[in-house]
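Naming: A, B, ... by sequence-line order, numbering from 1 per chain. Just so we're clear, the structure is a prediction, and the values are computed from it rather than from any experiment.
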Amino acid sequence: MRKILNVLIAFIVLIVIWQSVIWVGGYEEALLPSPLSVASGIVEMVITGTIFEHIGISLYRFFMGYGSAVIVAIVLGLILGRSPKLWGIVDPIVQVLRPVAPVAWTPFIVLWFGIGNMPAIVIIFIAAFFPVLLATVSAVKKVDNTYLKLAENLEVKQPALMYKVILPAAFPGIASGLHLAVGTAWIFLVAGEMVGAQSGLGYLIIDARNALDLDLVLAGIFFIGVLGLSIDKLLGLFESWVGKQWGFNR
Amino acid sequence: MRKILNVLIAFIVLIVIWQSVIWVGGYEEALLPSPLSVASGIVEMVITGTIFEHIGISLYRFFMGYGSAVIVAIVLGLILGRSPKLWGIVDPIVQVLRPVAPVAWTPFIVLWFGIGNMPAIVIIFIAAFFPVLLATVSAVKKVDNTYLKLAENLEVKQPALMYKVILPAAFPGIASGLHLAVGTAWIFLVAGEMVGAQSGLGYLIIDARNALDLDLVLAGIFFIGVLGLSIDKLLGLFESWVGKQWGFNR
Amino acid sequence: MSALVQVKEMSKSFHDNEVLSEISLSIEKGEFVSILGESGCGKSTLLNVIGGFEAPTSGHVLMDQVPIEKPTRRAIMLFQHYGLLPWRTVKKNVEFALEPTISSATERTKRANEYIQLVGLEGSANQFPAELSGGMQQRVAIARALAIQPELILMDEPFAALDTFNRYYLQDELLRIQQQEQTTVALVTHDIDEAVYLSDRIIIMDRNPGRIKKTIAITLPRPRDRSHGDFHYFRKLIFDTFHFGRNELDSDYHI
Amino acid sequence: MSALVQVKEMSKSFHDNEVLSEISLSIEKGEFVSILGESGCGKSTLLNVIGGFEAPTSGHVLMDQVPIEKPTRRAIMLFQHYGLLPWRTVKKNVEFALEPTISSATERTKRANEYIQLVGLEGSANQFPAELSGGMQQRVAIARALAIQPELILMDEPFAALDTFNRYYLQDELLRIQQQEQTTVALVTHDIDEAVYLSDRIIIMDRNPGRIKKTIAITLPRPRDRSHGDFHYFRKLIFDTFHFGRNELDSDYHI
Amino acid sequence: AADSTIKVGYLPITHAAPLYIANENQEQFMQDGDIELIRFGTWIDLMDALNSGRIDGASVLFPLAMKAHEKGIDIKATALGHEDGNAVIAGPNIEQVEDLKGETVAIPHTLSTHNLLLDEMLENAGMNYSDVNVVEMPPAEMPAALSEGRIESYIVAEPFGAIGVTLDVGHVLYQSNDLWPGCLCCAMVFRQSFLEDRPELAKQFMEGYAHAGEHAEYDLDAHMNYLNVDEEALALSLEWISYENLNINREDYEYMRERVLQLGLMEEPPTYDEFVDTSLLEETQR
Ligand SMILES: Nc1ncnc2c1ncn2[C@@H]1O[C@H](COP(=O)(O)OP(=O)(O)OP(=O)(O)O)[C@@H](O)[C@H]1O
Ligand SMILES: Nc1ncnc2c1ncn2[C@@H]1O[C@H](COP(=O)(O)OP(=O)(O)OP(=O)(O)O)[C@@H](O)[C@H]1O
Ligand SMILES: [Mg+2]
Ligand SMILES: [Mg+2]
């Protein structure tokens with residue numbers, strides 16, 4: 001209740017600020033569209049249905065890239081987190097590759113993965129992979145020694161040790177990595193689609209911008225923001241569901 | 001000692017993998033350059049000095065954008081973290097704006113901030129601003145109630161309360177936000193420079209790619225990775241220095 | 001001597017959940033009073049009300065006849081986990097308490113050193129709390145509280161996290177300092193021995209809702225001997241009080 | 001009865017820092033032995049060596065005449081913070097201990113329920129550890145250890161985090177269960193009363209390096225009365241042992 | 001000082017050559033001010049700067065400038081950038097237009113003459129616009145994209161056609177004058193407010209611009225100061241292009257306006273009189 005009210009107030013505040021910037025700055029409609037024209041842009045996109053196509057493609061790319069990154073990163077992270085020597089060697093490689101913007105790899109992505117949806121998926125994979133990997137490794141390293149001693153005492157062997165003890169014990173840390181990665185990956189999806197793609201939400205924005213339709217740019221930004229937020233909340237729900245299964249939240 | 005050895009092994013492993021991909025895949029030099037030609041590309045860039053110009057510009061943009069984002073975000077975060085009602089309203093706005101890729105705002109950035117270095121700086125500002133703001137707000141909210149009660153008991157008033165108690169108590173949380181933001185901001189600097197700019201490391205890569213010099217693309221990626229890593233480590237040193245002043249590390 | 005603190009028919013509820021019911025007590029100047037009770041009986045809440053951290057739902061809480069409305073430097077709370085600022089050294093932690101009132105830095109340092117010496121920590125003045133053992137941390141907290149020269153010190157299970165040996169030692173220290181400074185102390189504990197060893201008076205509390213069950217004046221001379229027969233008289237007295245209460249509440253206590 | 005555990009002239013060092021020096025002791029089948037000593041005297045280390053978690057630097061540690069080389073299900077350690085898996089319910093926590101040996105799920109559930117009942121937690125079987133009080137969590141840990149039917153249970157300050165009242169209650173429970181199951185118990189504590197109340201024999205340790213100072217057999221009949229005179233005889237005996245040791249070590253103890 | 005500086009935006013292409021020459025020789029014409037050339041990476045970045053008034057004028061794609069005018073940005077086209085010089089470059093697998101069916105073709109912008117040329121070419125071959133997959137791409141990326149196989153053909157401003165040919169990643173399928181003689185490609189546009197507030201400066205600039213047109217084909221060094229291109233590609237590209245007549249022909253404009261409407265790229269493109277103002281250019285020619 002209170003929360004819905006807050007959201008409402010927030011949007012009113014935002015729109016008021018926006019409209020007053022237009023009035024005070026005296027910007028032309030073509031340079032800074034009014035809330036009204038953006039709203040009509042949003043409505044139009046919804047009615048014609050173009051937006052859903054783009055959303056669908058973006059979401060498809062997102063889930064493919066993010067999903068595969070999460071699986072690979074968690075599996076690798078569990079292994080690397082348990083072998084400090086191996087990690088000692090992999091760590092420097094990761095450290096140097098991580099700060100490179102995923103889009104910088106585009107020529108090689110095209111070379112190996114071709115064109116179409118793959119470049120965007122690979123870009124998201126790269127964007128999501130490193131945060132999840134690092135979070136998993138550090139979560140596994142931080143698993144309370146008591147649990148490991150307990151498992152040793154009870155003679156719990158691999159692979160049971162991994163999925164009964166280490167994975168759930170590391171889960172909260174992994175989850176925060178997942179959360180982080182979902183944000184970064186979404187941002188990069190859009191950024192990636194702005195560069196190479198011919199469809200998706202990022203393309204929508206670039207296309208609108210090319211046609212000098214800044215109201216549609218803002219409408220696109222609106223959808224990106226709302227969808228990004230929804231994905232984040234969805235992940236939050238998933239986390240708290242797992243958390244509830246595992247009794248983490250109280 | 002051990003660490004240097006690890007880094008050495010890591011790089012040898014990386015180069016061996018790379019070279020074997022070339023041999024096994026039979027890729028042409030033009031499509032996947034060999035380590036040797038990339039090394040010579042790096043040496044050439046260093047000797048002619050072109051690389052330093054681009055690095056200089058990228059670093060300038062980075063520190064302007066990141067520095068201002070950090071200052072604004074921490075100050076705002078301290079205030080918002082202490083006023084739950086205000087945050088209740090600002091939070092939804094932040095939540096919707098955060099998932100939007102900073103480059104999507106370009107038309108408006110140009111409208112308000114002009115051309116030249118500013119768009120890149122503003123993009124970094126946006127990329128760094130949200131993680132630091134959110135980290136600061138949550139760190140301030142999590143400040144142990146005991147410290148606040150203690151300050152109340154000792155009749156410590158604002159602004160002393162803020163800089164003597166809340167800021168240092170929230171520091172570890174803020175620091176992890178700074179860390180996160182430095183990575184994101186660096187990645188976005190390069191991504192941003194790849195789209196609009198006419199100089200900097202991102203431009204270097206795009207330029208090399210347009211000239212079909214994939215060895216220079218990889219050389220650029222090398223510099224981006226190493227510099228990103230260095231900035232990260234530098235921040236780590238700064239953090240542990242502050243931490244030492246404040247006795248956080250044991 | 002007149003009463004420093006007076007609590008009159010004070011009740012405290014959190015959202016319709018009555019935690020304290022009709023508490024009346026008074027604490028004399030210079031007295032050492034312990035509040036003893038099981039977990040959840042409202043000991044901390046009572047201390048918080050006296051300290052001004054929580055407002056009573058009904059009734060009055062007075063200090064020197066004046067209602068207590070908010071925390072002040074006259075009554076200093078010692079928190080359970082010591083409440084030291086981890087980013088300040090021992091000396092700076094003590095000085096922190098003096099910064100609002102003493103503007104001269106040299107004056108502050110002088111006073112801080114005095115009290116650090118009183119608790120025997122002059123060797124650790126420049127160390128950070130994390131570098132100290134639990135017992136030493138508690139001594140810093142005591143030095144900080146005393147440096148303000150408050151009229152009343154409120155202690156919430158100050159020694160609960162220490163091992164038996166450290167606990168005994170710090171109890172002796174506390175008594176020595178309290179007698180030297182003539183500070184009034186109200187201490188919350190669930191350790192019967194501790195209450196008997198330290199207090200002039202023990203207030204025994206009951207649960208659901210929290211109320212005063214019994215007040216026992218400990219008439220033993222000081223220093224007290226933990227293995228003396230008279231000590232065990234009071235020990236047994238309190239023990240029996242609780243044993244009786246135990247059966248009464250048994251069913252919901254173990255859940 | 002023959003000795004279940006034998007420690008022979010065992011020393012343990014961490015990086016040239018001798019923590020335990022020439023420890024010799026034996027624990028009989030069915031015996032309840034307490035190890036009592038100040039913080040840092042090496043109690044936990046001794047327990048870890050007996051449990052097979054740490055290898056001795058020199059000397060021998062035998063169980064049924066066979067050297068202990070790694071932790072096994074024959075000797076179960078109860079950890080200080082209970083070592084419950086927070087992502088499993090009470091029942092699943094107990095079953096966790098049975099999974100490596102009992103492959104039938106119904107069999108496991110049956111055995112788990114049995115031991116949950118033994119510690120009186122049948123009402124909380126489907127709750128998560130975080131939903132339980134400290135005392136209840138410790139009871140789950142005990143149930144889990146017992147469900148394996150080990151020959152030896154090692155307990156490291158099992159009740160240190162509980163308040164006095166809960167502590168008393170759980171001590172009684174532990175004694176009841178131990179007598180029923182005839183398990184051998186080695187318990188580490190720094191609480192003199194606890195050691196006297198529970199043990200057949202108390203091993204008092206000294207610090208720097210950790211060594212055995214004295215062994216006291218508690219000859220009192222059970223159930224023991226904490227306020228009885230004989231109880232205080234042993235209490236005072238131990239108290240004096242430490243008081244003597246205290247002055248000897250005074251200078252470095254307080255730093 | 002800022003008021004006496006003309007900020008002009010451009011993309012590093014051969015088509016903006018009159019600007020380079022004018023800039024190199026500015027002391028000859030600009031008595032009252034300076035020219036500041038500002039380079040952009042993409043057309044849309046340039047348009048953002050022009051629309052928001054961060055630059056006074058620009059050498060820009062003609063249809064894109066029309067669209068901005070339609071959107072209410074008050075700008076005027078004062079001259080052409082060049083004549084001809086837009087080649088259709090195709091990869092080695094493409095022998096004729098029909099081979100492009102189902103393939104990807106790159107253009108710099110939907111609102112570009114190149115897009116219109118593509119349509120013209122497909123129509124001539126009896127194909128539909130939808131028979132190919134059209135993508136937008138910054139000009140500089142096109143040769144690389146062609147060599148990576150991301151596209152099969154591109155139509156773009158020079159020197160990127162010539163670069164593609166000299167790098168041997170593609171060959172010329174058509175030249176623009178084969179498809180559409182007299183097509184308008186790039187325009188020199190100014191913000192109306194600039195033309196009104198600083199007419200003297202505008203006049204001096206246009207004098208230099210017109211004069212530059214006469215040299216642009218021969219002064220290779222001037223090009224090389226602004227373009228990242230080797231001499232071979234530049235020479236080839238200058239063979240395809242002409243800067244002699246920079247006047248905006250009314251008939252050519254009307255034809256383009258029609259095509260733009262046909263393709264549904266704009267709803268109300270400005271008329272010649274609304275958008276084109278060659279008075280300054282004509283003044284210098286007198
Ligand atoms: N801020 C609060 N809001 C709601 N309920 C509270 C609050 N503080 C305390 N309570 C409730 O009041 C009761 C008494 O709490 P209090 O902390 O005073 O007990 P206590 O005697 O100090 O216990 P312990 O020995 O465990 O510290 C408990 O049931 C607790 O849940
Ligand atoms: N893994 C280790 N590496 C190095 N030193 C250790 C290690 N474990 C314990 N020690 C040292 O051995 C000594 C004894 O430690 P131990 O934990 O056995 O003491 P304790 O009697 O259990 O103390 P407490 O009552 O505080 O638990 C301490 O000085 C401790 O610092
Ligand atoms: Mg309490
Ligand atoms: Mg221990």
Give the table of side-chain donor-acceptor pairs shorter than 3.5 Å for residues 218-229 of chain A, with sequence neighbours excluded, one pair per line with atom names and distance.
none

Under a 4.5 Å heavy-atom cutoff, which of [options] has the most pairs with chain A?
options: L180(B), V110(B), I205(B), L97(B); answer: L180(B)
options: V182(B), I9(B), L5(B); answer: I9(B)
options: P131(B), A127(B), A10(B); answer: A10(B)

> In chain order, what residues pass the side chain to side chain contact (heavy atoms under 4.5 Å, CB included) check against A101(A), with sequence neighbours excluded?
Replying inline: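 Result, side chain to side chain contact (heavy atoms under 4.5 Å, CB included) vs A101(A): V103(A), I187(B), V190(B), A191(B).
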>> What I'd like to find out is whether the side chain of F11(A) reaches to under 4.5 Å of the side chain of I93(B), using heavy atoms alone.
In response: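 Of all side-chain heavy-atom pairs linking I93(B) with F11(A), none is under 4.5 Å.
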Which bit of [X] is near chain B, if near means a heavy-atom gap under 4.5 Å: side chain, backbone, both or neither?
X: V217(A); answer: side chain
X: V94(A); answer: neither
X: L214(A); answer: both

>> For F63(B), is the CZ atom crowded, meaning more than 12 foreign heavy atoms sit under 6.0 Å from it?
In response: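 Yes, CZ of F63(B) has more than 12 neighbouring heavy atoms, counting only those of other groups under 6.0 Å.
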>> I'd like to know whether CD1 of I4(A) has more than 12 heavy-atom contacts from other residues, nucleotides or ligands below 6.0 angstrom.
In response: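 Open.
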> Can you list the residues that meet the ring pair (Phe, Tyr, Trp, His ring centres under 6.0 Å) rule with F130(B), with sequence neighbours excluded?
Replying inline: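 Once residues adjacent in sequence are excluded, F130(B) has no partner under the ring pair (Phe, Tyr, Trp, His ring centres under 6.0 Å) criterion.
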Which N or O donor-acceptor pairs, by atom type, sit under 3.5 Å across chain A and chain B?
from, atom 1, to, atom 2, distance (Å)
Y27(A), OH, W112(B), NE1, 3.0
W112(A), NE1, Y27(B), OH, 2.9

